[in-house]
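Letters A, B, ... are given to chains in the order of the sequence lines, protein chains preceding strands, and every chain is numbered from 1.
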Amino acid sequence: MKFDKNHPKFTAYALGELSKEDHKKAKDYLGRHPELTEQVDEIRALGTALIQEFKTEPMPKLKAVRQNRIMASAPAVASKFYQRPPFMVGASLMMLAIILVVTFGRNSRDDQSMQTASRSIDKKPSEKLTAKQQTQINREPLKQINIARNTEPSKSALGSSGQSAPQQTTHVANDGLYDIADHRGQQRSPDMKLAGPKTPGPNGVQNNKMSGVNLSKLGIGVGKVLDKDSSGAIRTTFRDSAGGAGGGSGSGKKNYGFGGAGSGGLLSGDGGTGGFGGSGIGRIGKSSGYNQYTPPSVESYEFVPENDFVSTAKDSLSTFAIDVDTASYSNVRRFLNNGQMPPADAVRIEEMINYFDYDYKNPVGDKAFAVDLAVSASPWKSSNRLVGIGIKAKDYASSARPRLNLTFLIDVSGSMDEENKLPLLKRAFKLLAEQLTANDTVTIVTYAGNSGVHLEPTPGNQYKKIMDAVESMSAGGSTNGSAGLDLAYQKTQAHMIKNGVNRVIIASDGDFNVGVTSRTELHSLIEGKARTGIQLSVLGFGMGNYKDSTLELLADKGDGNYAYVDDYSEAQKVFSQQLTGTLITVAKDTKIQVEFNPKYVESFRLIGYENRKLAHQDFADDTKDAGEIGAGHSVTALYEVVPVGYASHGVALKYSTKPTNPEILTVKLRYKKPLGGASQLQEHTVHDSGVAFNSAPNSLRWAGSVAAFGMLLKNSKYKGEATYGSVESWANSAIGSDRFGHRKDFLKLIAKAKSPRPAVLTPFHGGTYNNWHRPGRNISIPEGDPRVSGGLTSQEVMQVIRANLNQIRHCYEQLLQRSPNARGKIGVNFVIGLDGRVTSVNIVAATISDMRMGSCVTGKIQRWNFPKPRGGQAATAEYPFVFSPI
Amino acid sequence: MAQDTQSILKQSLELHEGELLRYAERLLNNGEAAQDIVQDVFLKLWKQPPADLNSHLRAWLFKVCHNLIIDRKRKEQHMARFTAEQQAQGEPQTSGGMRIVEDKETQSEIQQALNTLTDKQKEVVRLKFQNGFSYNEIAQITGMSVNNVGNTVHKAMQKLKQTLEEKKLETTQSRSVL
């Protein structure tokens, strides 16, 4: 493979634009050629710089007369489609998504410092901001833009807010002005591949063309870029990503100059002036800055084109890894229940099909799998055939199941404090706890500001102890998973059960922030642990903050499962019904290869599994990883087949030489026992006896209905004659015993997709989050005495300082995380312009030498609003902040 | 209900007008023309059967916008030729509308570097980094193949890097003189 910086794919790799397979190849290649890493970083840094540069461009608005003209010819009925991505509010800063943090070659200290940098962005570290607050914060940079550039019209960067309130009034008392924006924050729906924060972030970057992006190599830093402090953005990558767009490194705008140095490096990193939390530097970041600043609508979906028909003349093989994830179904359900159509890329048909139980036979003897095969006419295109391949893994009676050693690593950050997150997890945990026995071990590690063992390894029969621990978890604090995962692995390791199930289960509502570990380190940690027998599963909770590609990847690396839990029945399914399935792997690296008989099959199409395809030669290659299958799980795959050379109408022709029951394909199944070893092979042939769809077995009719539904949602070109109405009737007839009621729920979803209710703009439901908790320790910032000259009194200045002291407090809290014993003084001098805004801030005396602390403080002050100085003269104030831990 | 409909449509408009305008303005270098085009984009949207948009409203809007821009540019080229002939005997023409002119001094190095790109590169780079579209989506919007998009982005990035490196060299040289 020719792969270097001169190859377009190299750029594509750096920007996260390669297909999954190519990405992997490229990554492997880079792994072997570390010298190329720097070039990847360069491309990414340039990308970040471009993003940030583009952010500085004003967002124009249509003239009123044109708006009116457009609205005058608007249709009478508003389609839901028009309403799509509400988070585009303020799309001016709409950012490239998938921005992540580069992981290559950064030392961990670096990572840590950047983490803190990105966290320092917000006013209060652990307060979950309401959408309204976010909106207010989001618009603050506008003010700064105008100060800085003096050229921009005061058009809103929130170009879409529909409120033509004067922009420069005040950023304090404007409750009510942004109701629409608030509502939209609530309507989170991704449009296509909108990963990453497409939202107006508070970005000081606007003030600074250079934006602290360390492109020192390219010479586009502002002034001298001071290494680490500004290097955050360089780590921004474009895939794998979780991150906030670009820039923990806030701004290096000169006239914000800290200590007059005016260096990009100095100021960058602080969010005083914003920055989209450079989130997750070197890790899959859920840095507080990111989460709290980004309206809850940054879901990311990978765009994967649907499988096409493949002609058997060209290729009669189809190879893929079995996949038992079901997250897409829950996700689709969430959209529909919210009255929205899911984005096409969120619909993964194989995950929808596999959400359901099928009554396949159990394997007999010591076989790991039973294979259930069925063929009928395709319901959406009657001239085609539909082939269902159902694979059922061996089930264990719960008495015979292996012993469990489970460590839950639970995110208890502030954002988990919503009904469908931590409280839901608690309810679900009960189901799990009820099934544990003395042979099992449960451990709970929580992480937020700090991580810690919440429940020491406890035998499964101590139900009360376990549940008391579960109940006593409370959400609050910002996420900091550092050490959390290590701790979880340690605990699991310490209680390893030989021949049992040893697993760490992450429960989080967002990206997993593992602190000091870089992303590649994280992956190799997880992979390494998986090799020693500790698997990693991931449960995604909640909505909005949910980035499935990232979480899924972790589970993938950890040989575990990944599920998205959005309501109780889903939780029930995962924790209880699938307890054995979710947690016990009966086979690993399970691959399917289907060989079609070209004599009877002209072409075929695998429905779904787009990102699970394998190269044909990998089927027999035991070194290639593939899907894990848990006990009792069934996996279903469907092929749509264009037949040739035999009757396809279900009528046996007496005088035809065409066979009536031709062998159309062979299914080859290869898997390894959980503990490895050589792979085993099972083979099964399929004959088509020509049955119609409505005479097909229940399982095929159900799976076919679900597939058709998925194609409709995706508006697939393969949907044929399927309509929601027809899907409804097919599904209705295949509902079967429906032990858990999942199928009935599915019918309700079809009804919703048929006539989605007009989306209602509901107010943000979260209310305010007053119960944020301050991590760690008490600190003191005694009031000082401002020295003020000019058009304001010191009382007036003091009032504003007092009102905003929490912001400064936050800077100090951040500092304490970096250096726990820091204390001292920072004296600032700032000038309040005639409009009451701060025009410059300088540090005049400091005994704390931490630069980020300095820039944090000046950044905060820069955003304060003071009363307008009287007498036509600006006011100058000097104030000493004295910090000490108590 | 009618009220709701209006407000939903209005929101949709307000959600996208800014980014579309910005896109059109930068490609046309003409604010008034951009206003025309974005107006037309929405008029077309209202006529579009919504189901056809599926969930790709945003890409659809950009695609329509792209096509209108291309049309407009073609017309302008025609006009330019025509005007050139006229100018032989007449006074200089302006094409009307507000020009977006950036003072070179206030332009960042990146902006200056961006100016060295071809129109096509500029467009693709903007779609990618300003509007956050994937290669795939850019291909849909511009009618290019995905490979072509990949090549274009790649070439553009290389060019930008090269320009910025040269600039850096200049700067260091002039600094050392000081």
Give me the atom names and distance for the closest heavy-atom approach of [X] to [Y].
X	Y	value
A/F54	B/Q130	O-NE2, 3.3 Å
A/P60	B/E25	CB-OE2, 3.6 Å
B/R22	A/P58	CD-O, 3.6 Å
B/G150	A/P8	O-CB, 4.1 Å

Can you confirm whether A/E42 sits close enough to B/E165 that some side-chain heavy atom of one is under 4.5 Å from a side-chain heavy atom of the other? yes

Sub-4.5 Å side-chain heavy-atom contact between A/T11 and B/K155: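 They are not in side-chain contact.
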
Stepwise salt bridge (charged side-chain N to carboxylate O under 4.0 Å, His left out) test for A/R66 and B/E17: CA-CA 11 Å; A/R66 294 184 184 271; B/E17 59 171 330; over 6 Å; no

Could you walk me through whether A/L18 and B/Y135 pass side-chain contact (heavy atoms from CB on, under 4.5 Å), step by step? CA-CA 9 Å; A/L18 285 185; B/Y135 283 12; over 6 Å; no

Donor-acceptor pair, B/H154 side chain versus A/F10 backbone, under 3.5 Å? no

Is a donor on one side and an acceptor on the other found under 3.5 Å between the side chain of B/Q39 and the backbone of A/Q67?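 No, B/Q39 side chain to A/Q67 backbone: no donor-acceptor pair under 3.5 Å.
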
Toward chain A, the part of B/L114 with a non-hydrogen atom under 4.5 Å: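 Looking at B/L114, just its side chain touches chain A.
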
Residue B/V125 versus chain A: region with a heavy atom under 4.5 Å: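 Both backbone and side chain of B/V125 come within 4.5 Å of chain A.
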
Check whether more than 12 heavy atoms from other residues, nucleotides or ligands sit under 6.0 Å from atom NZ of B/K122, and answer yes or no. yes

Euclidean distance, [Y] [atom2] relative to [X] [atom1], rounded to 0.5 Å:
X	Y	atom1	atom2	answer
B/D36	A/L62	CG	CG	10.5 Å
A/L46	B/Q158	CG	CD	11.0 Å
A/K63	B/E32	NZ	CD	3.5 Å
B/E14	A/M71	CD	CE	8.5 Å
A/I70	B/L43	CD1	CG	6.0 Å
B/K161	A/I43	NZ	CD1	5.0 Å

Yes or no on side-chain contact (heavy atoms from CB on, under 4.5 Å) for A/E57 and B/Q111, after CA distance, side-chain angles and deciding distance? CA-CA 11 Å; A/E57 292 182 356; B/Q111 280 290 359; 3.0 Å; yes

